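This one's a predicted model, so the numbers in the text were calculated from it and none came from an experiment. Below, read A as the first sequence line, B as the second, and so on, with proteins coming before strands; counting in each chain starts at 1.
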2 protein chains.
Amino acid sequence: MKKFKAHTSTCPIVHTMTYIGGKWKPIILGRLVNGAVRFGKLAVQIPDISRKILAEQLKELEEDGLIIRHSYNEKPPRVEYELSGIGQTVIPVLMAMTELGSEMHEAITKHKRSVTRAH
Amino acid sequence: MKKFKAHTSTCPIVHTMTYIGGKWKPIILGRLVNGAVRFGKLAVQIPDISRKILAEQLKELEEDGLIIRHSYNEKPPRVEYELSGIGQTVIPVLMAMTELGSEMHEAITKHKRSVTRAH
DNA sequence: CAGTTTTAGTTACTTTATGAAACTAAAGTA
DNA sequence: TACTTTAGTTTCATAAAGTAACTAAAACTG
């Protein structure tokens, strides 16, 4: 996703999308709501994300200050990610998305069936 | 954005992202909260979106049943888009994003300045 | 009447993002 | 010695988003 020009915009939703608009970011953040999680565990818990994209998105989230990366100097490596203070301000959005998800998925599935039938 | 495999997922946030995860979709929906808006007005109000992408995203939103397209048979054409019932269920997410936006933008700007100074 | 304006798109082409698969380092274990 | 474990990285392929120019058809302008 090409970066928005957040500084030139006055629309708050554009700002939000600038920071959590990546395809996987809300899903990653959602996994961190209950505490720190290791890289490998995120890769397993999030269906269909590739390790490359996971690593990229985590790096962006860290650079924006939404998450904190804890690297323990061990071999094999152990790295944990957790929400920062800024990251926690996103929780209301994540909750709203969580509440919406199943409900909307059902409604849209039904809608599409009816449209198909009406052909 | 490659489509999620919504049907194979049980994570509600994945479902939400399936339908409103497109880069511009929350921004478009946010413009429709206060009533129907014409295509051209959306193009003007949303900074930096191209007409091609706008048209594409509107078509997807319509196919998913989030918005309704009203085409008046006039020349030059007049087309309005408005939120459907399903689309209105997204409003809480849009509100949360709106509340978060400016606040988070400020916090992240400050965060990035402090990181830069600490080099 | 020829030429301009208006609107909601579309078309062809370029640039970014995202994805899949294989690969790496370094210590612990069999 | 060979195998396992972990957090990535690298290379190459595909999909999404962006740019600019173009279209149709009626109404308006001179």
Looking at A:K25 and A:E60, does any basic side-chain N land under 4.0 Å from a carboxylate oxygen? yes
Integer-rounded Å distance: D:dA7 P and A:E74 CD: 10 Å
Does a nitrogen or oxygen in the side chain of B:Y72 sit under 4.0 Å from OP1 or OP2 of D:dA26? no
Please state how far atom CG in A:N73 lies from atom P in D:dT6, giving the value in whole angstrom units. 17 Å
Is A:E106 atom CD crowded by more than 12 heavy atoms from other residues, nucleotides or ligands, each under 6.0 Å away? no
Using a 3.5 Å distance criterion without hydrogens, assess whether the side chain of A:S84 forms a donor-acceptor pair with backbone atoms of A:I68. no
Dump the intermediate steps for side chain to side chain contact (heavy atoms under 4.5 Å, CB included) on B:F39 and B:R78, then the final yes or no. CA-CA 8 Å; B:F39 180 89; B:R78 179 159 70 97; over 6 Å; no
Nearest-angstrom distance from the residue atom CD1 of B:I49 to P of D:dA20: 16 Å
Are there any protein N/O atoms within less than 3.5 Å of an N/O atom in nucleotides 23-30 of chain C, and if so, which ones and at what distance?
none

If I take atom NZ in residue B:K23 and atom P in nucleotide C:dT15, what distance separates them, rounded to the nearest angstrom? 16 Å
Mind listing the closest non-hydrogen atom pair of A:K23 and A:Q57 along with its distance? N-OE1, 4.3 Å
C:dA30 - base-pair partner by Watson-Crick or wobble geometry, distances under 3.5 Å: D:dT1
Hey, which of A:V93, A:L83, A:I91 is the one that makes side-chain contact (heavy atoms from CB on, under 4.5 Å) with A:L29? A:L83
Strictly below 4.0 Å: does A:R78 bring a side-chain N or O up to OP1 or OP2 of D:dG8? no
So with a 6.0 Å cut-off around CD of B:E99, is the heavy-atom count from everything else above 12? no
Short of 4.0 Å, heavy atom to strand atom, which residues of residues 50-65 of chain A count as contacting DNA chain D? A:R51, A:K52, A:A55, A:K59
Given 3.5 Å as the limit, does a donor-acceptor pair link the side chain of A:T89 with the main chain of A:G85, or not? no
Taking the minimum atom-to-atom distance to the side chain of A:R69, which one of C:dG19, C:dA8, D:dG8 wins? D:dG8
With distance as the sole criterion, is a donor-acceptor pair present between the side chains of B:Y19 and A:H105 under 3.5 Å? yes
salt_bridge(B:E63, B:K59) N-O dist < 4.0 Å: no
Side chains of B:H15 and A:M97: closer than 4.5 Å at any heavy-atom pair? no
Between residues 35-45 of chain A and DNA chain D, which residues have a heavy-atom gap below 4.0 Å? A:R38, A:F39, A:G40
